[in-house]
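Data block below; observations after.
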Amino acid sequence: MSSSVAPGLTVRVLLFGSYADALGFDQVELALASPATLDDVIAHLRALPGGDRLPPKPLCARNLAHVGTGEPIASGDELALLPPLAGG
Amino acid sequence: MSSSVAPGLTVRVLLFGSYADALGFDQVELALASPATLDDVIAHLRALPGGDRLPPKPLCARNLAHVGTGEPIASGDELALLPPLAGG
Amino acid sequence: MGFVTDRPIELTPLVVQVQAPDRGGVASFLGLVRDHHEGRGVLRLDYSAYGPMAEAECGRIVAEAEARWQVAVALRHRVGTLQVGDVAVAVAAAGGHRDEAFAACRYVIEEVKRRVPIWKREYYADGTVGWVDPTAAVQHA
Amino acid sequence: MGFVTDRPIELTPLVVQVQAPDRGGVASFLGLVRDHHEGRGVLRLDYSAYGPMAEAECGRIVAEAEARWQVAVALRHRVGTLQVGDVAVAVAAAGGHRDEAFAACRYVIEEVKRRVPIWKREYYADGTVGWVDPTAAVQHA
């Protein structure tokens with residue numbers, strides 16, 4: 001579940017709810033060419049089996065805060081793709 | 001504490017808080033010439049010792065509901081003069 | 001009716017009174033005795049009521065809120081001697097949606113302050129005592 | 001931090017947490033599990049969270065409310081399996097004046113729904129199960 005590039009960056013991506021159901025896993029380590037944004041992460045995941053059930057612009061988090069999909073990412077980041085929130 | 005008139009009407013008047021303090025009593029039976037309104041009751045009470053501390057247009061109730069001072073009254077009514085409310 | 005009580009008020013029984021399986025939101029308000037009023041320290045206070053009219057007026061206010069919004073409302077106001085921190089008034093409104101619950105709760109507390117015949121005598125830290133007149137006050141909670 | 005919990009939520013400890021002698025008004029909100037959703041009977045539901053981010057986001061929301069109004073705010077959201085009538089979320093906001101308390105309470109519940117990463121899986125009376133998507137819903141509490 002990694003694409004080897006050098007120089008590159010390694011991030012952890014968490015999936016929740018219906019997105020984890022769609023892809024069949026709830027976390028993955030990805031190695032990406034640098035620089036990269038969350039859009040690159042999303043494109044990678046959407047190409048996987050079941051990935052067509054991820055929207056192209058899901059809610060995203062980087063290091064526990066909401067960010068847009070254009071957000072640049074750095075090695076060591078904890079990223080997350082968030083299905084529509086339903087708390088409260 | 002009654003003025004005898006015939007034909008007339010008899011009402012009970014309740015005073016609360018600072019108004020009871022001002023007049024030195026918290027209820028009184030009044031006999032008034034008919035027809036009469038709460039304004040007549042207020043005028044009567046304002047003429048008593050301490051009555052100058054009642055405003056000319058206090059909050060009033062007739063039979064447990066807010067009414068204006070022009071409200072006509074009937075024999076047997078329970079009337080009340082209400083200082084500024086401070087509940088809640 | 002029992003809207004006015006001389007016993008301590010707990011919020012939880014009011015919430016239980018209004019909740020139901022089809023009501024997803026409960027908004028509530030507690031009015032507590034504060035330790036100051038217009039810059040003066042308050043030690044305690046006495047609430048007094050025109051009891052029968054206070055009950056009737058509370059009943060009218062609750063009925064109005066329940067008719068205007070799809071909610072169930074519980075209301076209690078305490079009378080007697082209260083200490084700083086005691087609950088003076090409690091409102092709980094439960095509805096299917098939180099907009100209705102908040103609107104009804106707010107309506108009830110505003111109308112209680114405006115219409116229910118209850119008076120407050122404050123005992124100040126400087127030894128004086130006074131009837132509270134909100135119509136003369138600069139601001140009040 | 002402890003904003004997210006798998007234990008039943010009681011409102012009274014939250015009120016106690018925020019009350020103080022100079023705070024005269026406490027507005028609170030409880031979100032309860034309803035027995036229906038868009039016309040379908042609901043038997044129970046599971047709330048799940050992105051725990052560390054949910055804690056962080058709740059903390060940011062509370063800090064925003066406390067900075068914008070003169071209030072103290074308590075917030076809890078439950079996760080795990082809940083039955084109809086269980087408290088899913090509770091907010092209490094205490095301030096010197098009721099305007100601030102109501103405004104802060106309302107702000108917090110709206111922002112929780114909008115920003116905190118929590119998901120809800122409903123178990124319906126017809127035997128089906130589904131993730132709730134409020135962005136697709138006609139209305140929600």
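Between A:Leu64 and D:Ala56 the shortest heavy-atom distance is O-CB, 4.2 Å. Shown here for A:Ala86 and D:Tyr47, the closest heavy-atom pair between the two residues is O-CE2, 3.6 Å. Nearest heavy atoms, A:Ala61 versus D:Met53: CB-SD, 3.3 Å. Between D:Ala88 and A:Gly88, the shortest heavy-atom distance links the atoms CB-O, 4.4 Å. Taking each heavy atom of A:Leu85 and D:Val116 in turn, the nearest pair found is CD1-O, 3.6 Å.
The shortest side-chain heavy-atom distance between A:Asp21 and D:Arg121 falls under the 4.5 Å cut-off. Between A:Glu78 and D:Tyr50, some side-chain heavy-atom pair lies under the 4.5 Å cut-off.
Between A:Tyr19 atom OH and D:Trp131 atom CH2 the span is 12.0 Å, to the nearest 0.5 Å.
Heavy atoms closer than 4.5 Å to chain A are found in both the backbone and the side chain of D:Val132. Residue contact with chain A, scored on non-hydrogen atoms closer than 4.5 Å, involves the backbone of D:Ala49 exclusively.
A donor-acceptor pair under 3.5 Å is formed between the side chain of D:Trp119 and the backbone N or O of A:Pro83. Counting only distance, with no hydrogens or angles, the side chain of A:His66 and the backbone of D:Arg115 share a donor-acceptor pair below 3.5 Å.
Across A:Leu82, A:Leu14, A:Asn63, the residue that shares the most heavy-atom pairs under 4.5 angstrom with chain D is A:Leu82. Contact tally against chain A (heavy-atom pairs below 4.5 Å) for D:His77, D:Arg78, D:Lys120: the top residue is D:His77.
Summarising the local packing, CD of D:Gln70 is surrounded by 12 or fewer heavy atoms from other residues, nucleotides or ligands at distances under 6.0 Å.
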